[in-house]
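The structure appears below as structure tokens.
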Amino acid sequence: MTTPNEHEISQQAVTEQPVAEPTNVETNIETNIVDAEATSDVTSNVISEITEEEHASAESTEDYSQYKKEDFLKLIKGLENAKDFSHNSNILREIKPLFDEIVNVEKELALQKFVEEGGDKDDFKYKNDKIAKDFYALFKEIQDKRAKYYADMEEQREKNLQQKRAILDKIRELVDGEETEESIKRLKDLQTTFRQIGPVSNQNSKEIAENYKALLDRFYNNHGLYNELKDLDRKKNYEAKVLICEKAENLVNYESIGKAIKELNEMHVEYKILGPVPKENQEELWQRFKLASDKVYDRKREIIKFQDEERLQNLAKKEEIYEKILPFVNFQSDKIKEWDEKIKEIMELQKEWESIKPIPKDALKESSNKFWKAFKTFFANKNVFVQKLDEEREQNLVKKNALCEEAEAVINSEADRRDIKEKLKELQRKWKDIGPAPKKYQESIFNRFKTICDGFFQKIREEFNTQEQEYENNLKAKRALCDRIEQTTLDDPQIAEATIQNFAREWKEIGFVPRKQKETIQSRYDQAIAGFIERLTMPQEDKDKMQVANDLNMATESINSARKIRERESELKRKIQRIENDVDVLKNNMSFLATSSKADKLKIEVQSQIQESEKELKNLRGQLKTLQILEQSMPKEEREERNDRNDRNNNYNRNNNYNRNNNNNNRRK
């Protein structure tokens, strides 16, 4: 058995069990014909009514829940010229709500986008796209055709009623007339014509059938017929009904249960119209037909049960999604990013919700309403947030326009360029703190402010580029000066000091170099001067003094001259302190050397070291004295700060010396 399709079965409008086979059999063939005719007329009217609701629904086996708008349009185009209006009506009844739901979701999303882009909700107007317009136009056209079809059918049934009444009048004349061979033939023709006329309306069908049967009963009660004709007719009925049973038994294998139900109902009509069969076969044949019918209806009930369970499971799934969407109803945030994240989440829940179909019909409306109510409440809250955000953005636009005007006024003022620069930077910081303007003005107002600021800073950059080029030229000049110093050698030390001063003056006159090259070129110059001094023919002590004088000369021209002098002075003091400590240690060691040939030799070496250290101390003290003389030209505040720092350093050094001497004495002991 194939898996039941969710749209394959609907509630049936007629009883599922076939009508019981009549057990009373008339004694002649004409009476049998009367029963068949009467039954045919009544049943045909019943069947015409149930096919509208039951058969069309039963035939629908397609699952439309995953259809897109394009698929629905293609489907309805295929129904445009179809003649089975009952089948078409069922399909339209099923797909119309699904199509409407897609359109409503698109409309809701379009409204959200309209509001997000700054539109007023009251100004929103939604127009269906071409697919939706074509679908609704075809839907109306098919419905109009259906209405006309049933109006024409009702009109035809009224005509059929008049025709059947006219035939009944003619049969009445035969009943009241004499029996002749011609009257029997005439009755047969009238019966054939009566059967060929279509059905009449329900309210008249019983009346026509009863009158028809009564007239035939009177005719055959007044006229005799041959029994052999009656037996032959029953035999033919038997053969025809056996064939119907075989067809009914095959219905259980149909893939479409709706189609099987429809054909089974048609077989029941045909079975009853055929009339009675021989008595010995009547019950057996009817039980066979009834058994085949029961199997079809059992399969139908099984499918309905399966579909009902599936619908309940789907309903439970939708309830779970509804529980997930409920927290969105009360969601609030003042950040657009958090709203956007929530929109992505709720749209995923919407997709999941729409993918679950079908659910029980009696729960469809309530389930759908509460989900979409929560869904729309979230977006309504979001619209309130967007409206508030739009108001804030309008205020931001006013503030940003004010900043633009202020920036223009600052640039056009006669203030110092550095002050203008700082003021523009302050305005830029304020700009960042304000927040976004409305989308339709955001780019234009930003470009206005950016153009104002960029114009000023571009001018500065152009001047800076000019200055940078000047610095590059200065760098080349200083490199050339370093090359010249490195190649200069003097034999006369008397003019060396003046030469160094000339080098320093030329170096300072050249000017600034690029910041990245400043330390590198300064280091090269210092090394070049040091090399020049080292190549002079004079005592090392004089070279050192000359080096100090040059360092001081360069330091006094520096912005941080005081700091550099202090650093140089501290360096000299550290060297002096270190050498003095070494001399003290050497002298202490001398006093412990014993008298011997080896000790005398060691004493000579130690004495030589002491002399060299004292010579170096003399040189360093000379350099320090020169620094101290220069220091007198420093501001009083800087001198006092320096003296405080020197006192702290001296105390620290004295403590270190005391500890070091104690350690040495302990080691000697």
Side-chain angles (χ1 to χ4, degrees), residues 19 21-48 153 155-245 266-282 285-286:
V19 180
E21 173 73 359
T23 57
N24 59 321
V25 182
E26 298 295 333
T27 57
N28 55 63
I29 190 171
E30 295 354 328
T31 304
N32 295 336
I33 295 175
V34 172
D35 290 340
E37 286 297 329
T39 306
S40 173
D41 185 57
V42 176
T43 310
S44 62
N45 283 283
V46 176
I47 294 302
S48 67
M153 178 185 290
E155 182 180 351
Q156 183 61 47
R157 285 178 176 178
E158 183 61 30
K159 291 180 180 179
N160 294 343
L161 176 62
Q162 300 304 323
Q163 292 175 6
K164 288 194 173 186
R165 283 175 175 171
I167 291 177
L168 291 178
D169 290 340
K170 293 179 181 180
I171 295 176
R172 193 173 289 109
E173 293 176 1
L174 291 178
V175 170
D176 296 335
E178 294 182 1
E179 177 185 357
T180 63
E181 185 176 347
E182 181 63 27
S183 64
I184 296 175
K185 183 177 180 304
R186 176 63 176 158
L187 178 63
K188 293 289 187 182
D189 292 338
L190 289 173
Q191 285 182 297
T192 301
T193 304
F194 189 90
R195 287 194 299 268
Q196 291 174 349
I197 298 173
V200 300
S201 59
N202 288 340
Q203 60 267 30
N204 300 114
S205 60
K206 184 176 181 181
E207 170 202 341
I208 294 297
E210 289 177 350
N211 290 339
Y212 179 71
K213 182 178 182 300
L215 287 172
L216 290 181
D217 286 345
R218 286 174 55 193
F219 180 87
Y220 286 109
N221 286 337
N222 297 334
H223 302 78
L225 292 176
Y226 300 105
N227 289 332
E228 58 270 18
L229 293 176
K230 178 179 64 177
D231 294 338
L232 179 61
D233 191 56
R234 289 187 174 182
K235 184 177 180 181
K236 290 181 179 180
N237 291 343
Y238 174 77
E239 294 173 353
K241 288 190 175 183
V242 168
L243 184 59
I244 290 175
C245 289
E266 292 172 352
M267 290 178 185
H268 273 272
V269 174
E270 185 180 359
Y271 192 95
K272 296 177 72 64
I273 289 176
L274 284 173
V277 298
K279 287 184 177 181
E280 63 271 17
N281 303 115
Q282 182 175 341
L285 189 62
W286 171 247

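Any value given below was found using the heavy atoms of this structure, including those in side chains, with hydrogens, waters and symmetry copies removed. If you read the sequence from its start, that first residue is 1, and numbering goes on from there.
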| field | Close side-chain approach of R165 to N204, heavy-atom, < 4.5 Å | value | yes
| field | Test item: V242 and V277 side chains (from C-beta on) under 4.5 Å apart, heavy atoms | value | no
| task | Write down the atom of P278, the atom of K235, and the distance for their closest heavy-atom approach. | result |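 It is CD-N, 4.4 Å.
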| Nearest atoms (heavy-atom pairs only) where I171 meets L190 | CG1-CD1, 3.8 Å
| Sequence-distant partners of E239, side chain to side chain donor-acceptor pair (under 3.5 Å), two or more places apart | none
| message | Using the side chain to side chain donor-acceptor pair (under 3.5 Å) criterion, which residues pair with Q162? Sequence neighbours excluded. | response | E158
Would you compute the distance between atom [atom1] of [X] and atom [atom2] of [Y] and round it to the nearest 0.5 angstrom?
X    : Y    : atom1 : atom2 : result
K159 : E155 : NZ    : CD    : 5.0 Å
I244 : E266 : CD1   : CD    : 11.5 Å
L168 : Q163 : CG    : CD    : 12.0 Å
N211 : D169 : CG    : CG    : 10.0 Å
K185 : L174 : NZ    : CG    : 12.0 Å
S205 : R157 : OG    : CZ    : 9.5 Å

| task | I would like to know whether R186 and D189 meet salt bridge (charged side-chain N to carboxylate O under 4.0 Å, His left out); could you show each step before the answer? | result | CA-CA 5 Å; R186 176 63 176 158; D189 292 338; 5.3 Å; no
| Any donor-acceptor pair under 3.5 Å from N160 side chain to P199 backbone |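 Side chain of N160 to backbone of P199: a pair is present.
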| request: Please work out whether the ring planes of F194 and Y212 are parallel, tilted or perpendicular, with thresholds of 30° and 60°. | output: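 Ring orientation, 0 to 90° scale: parallel.
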| field | L285 and Y271: CA distance, side-chain angles, deciding distance, side-chain contact (heavy atoms from CB on, under 4.5 Å) verdict | value | CA-CA 11 Å; L285 189 62; Y271 192 95; 3.6 Å; yes
| request: Would you please test I167 and I197 for side-chain contact (heavy atoms from CB on, under 4.5 Å) and show each step? | output: CA-CA 10 Å; I167 291 177; I197 298 173; 3.4 Å; yes
